[in-house]
Amino acid sequence: SDRAADSTNSISGVVHRYGRLQVKGSQLCDQSGQSVQLRGMSTHDLKLFPFATNTLGNLVDDWHVSVVRAAMYTDSFGSSYIREPAVKQTVKLIVDSALRSDIYVIIDWHILSDGNPNQYKQQAKEFFEEMAAAYHGHPNIIYEICNEPNGTNVTWPEIKSYAQFIIPAIRAIDPDGVVIVGTDTWSQGVRAAADSPLGFPNVMYALHFYAGSHRDALRDNADYALSKGLPIFVTEWGLTDYSGKGALYFDEGEKWIGWMNQHKISWANWSFSPANEGSAALNPTANISGPWTDSDLSPSGKWVKSKIQAD
Ligand code: IDC
């Protein structure tokens, strides 16, 4: 369509323009060293709400996302790559869609109730080796090696040892791909990471927020981390409270959007799905294939779409 031809993201899209990403200081940059901010959407649980073949192409043409995050639950609430590895095919479908649409794609090892990333570190290593082997020639790929570490014993040193196990395995196959590491306390622990960062280049650290739950105190920690030079990627955020459900907090969301724009921090919103919950971008009756009309979009979806497209 004309729209697709004019889109910043299709055919000669964002990966064509930015090339291979790199991390300089605390900033995500394009291949030439210019700072960039990616904006896009996270999937929901890929077992419950798998993308269809056309979902991402429609999302790129219509919303102009520059990044998508494929959230593959490893072992939470009945969604388990560990027990049902076939969900990996949906990750590959999304990566292949991202290659076609010329956008960046985050491959998310979505730990959650399995809060210690070391629990399945061998499976994680094999999964990321397989993904790196399949896709390392493509600058589109971003590796997110653990969604939200949590639990009393899951301190930053524990997460760091996991990262020191996984990152060399990825780097052996894809030497330059950007890797994002989750932080403690459901990826709110950027202060501890900033005090003791990993030694590898092209690594970023996840910060997650939900506007109804996380406010100035979390932004203060993030400001501290930035002041120490920690590269932050907000791989997941929502307008609801941390449950993903219920009311939307637009005023608090506006503060976070302003903060992310000010620091050119890249982000992905939770979630591009028709889940029956406030944070989902589609209404429960919408078809995940698209294309979508305005009446298919939830209040969160309409607001977030406008933020993706804002200057
Ligand atoms: C939530 C989903 C919800 C589901 C729950 C358990 O929105 O429908 O019942 O997971 O699978 C996170 C997690 C993310 C959560 C989200 C909202 O990374 O998996 O999704 N959230 O609770 N961290 C903070 C909030």
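These numbers come from a predicted model, not from an experiment. Heavy atoms only: backbone and side chains are in, while hydrogens, waters and symmetry mates are out. Position 1 is the first residue of the sequence; numbering continues from there. Atoms within a ligand are numbered from 1 in the order they appear, just like the ligands themselves.
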Can you tell me the protein heavy atom closest to atom 21 (N) of ligand 1 and the distance? E236 OE2, 3.2 Å
Neighbour count above 12 (heavy atom, 6.0 Å) for N276 CG: no
Heavy-atom contact under 4.0 Å between Y242 and ligand 1? yes
Atom 2 (C) of ligand 1: which of K47, H110, H44 has the nearest heavy atom? H44
Please identify which of these residues, W270, F51, F77, meets the ring-ring contact (aromatic ring centres under 6.0 Å, His included) condition with H44. W270
Going by the 4.0 angstrom heavy-atom rule, the piece of T240 near ligand 1 is neither
L239 side, atom CG; I257 side, atom CD1 - distance, nearest 0.5 Å: 7.5 Å
Intermediate values then yes/no, salt bridge (charged side-chain N to carboxylate O under 4.0 Å, His left out), D62 and K305: CA-CA 9 Å; D62 186 11; K305 181 183 178 186; 3.3 Å; yes
Just need the protein heavy atom nearest to atom 4 (C) of ligand 1, so name the residue and atom and give the distance. K245 NZ, 4.3 Å
N147 heavy atoms, cut-off 4.0 Å: which ligand 1 atoms fall inside? 18 (O)
Pair K302-D294, salt bridge (charged side-chain N to carboxylate O under 4.0 Å, His left out): steps then yes or no: CA-CA 8 Å; K302 286 182 186 137; D294 269 6; over 6 Å; no
Quick test: of every protein heavy atom, which one is nearest to atom 1 (C) of ligand 1, and how far off is it to 0.1 Å? Y73 OH, 3.8 Å
Are the ring centres of Y81 and F127 closer than 6.0 Å? yes
Are a donor atom and an acceptor atom from the side chains of N261 and Q37 found within less than 3.5 Å of each other? yes
In ligand 1, the atoms that come under 4.0 Å of a heavy atom of S243 are 17 (C), 22 (O)
Heavy atom of the protein closest to atom 20 (O) of ligand 1 (residue, atom name, distance): W270 CZ2, 3.1 Å
Is ligand 1 less than 4.0 angstrom away from at least one heavy atom of D45? no
Residue and atom name of the nearest protein heavy atom (relative to atom 6 (C) of ligand 1), distance in Å to one decimal: F77 CD1, 3.3 Å
Would you say R20 and N202 are linked by a side-chain donor-acceptor pair, where the criterion is simply a distance under 3.5 Å? no
Among all protein non-hydrogen atoms, which one is nearest to atom 8 (O) of ligand 1, and what is the separation to 0.1 Å? E277 OE1, 2.6 Å
Test item: side-chain donor near acceptor, D223 and W259, under 3.5 Å: yes
Could you check whether any heavy atom of H208 sits closer than 4.0 Å to an atom of ligand 1, since that is the contact criterion I want to use? no
Atom 24 (C) of ligand 1: nearest protein contact (heavy atom, Å): Y210 CE1, 3.3 Å
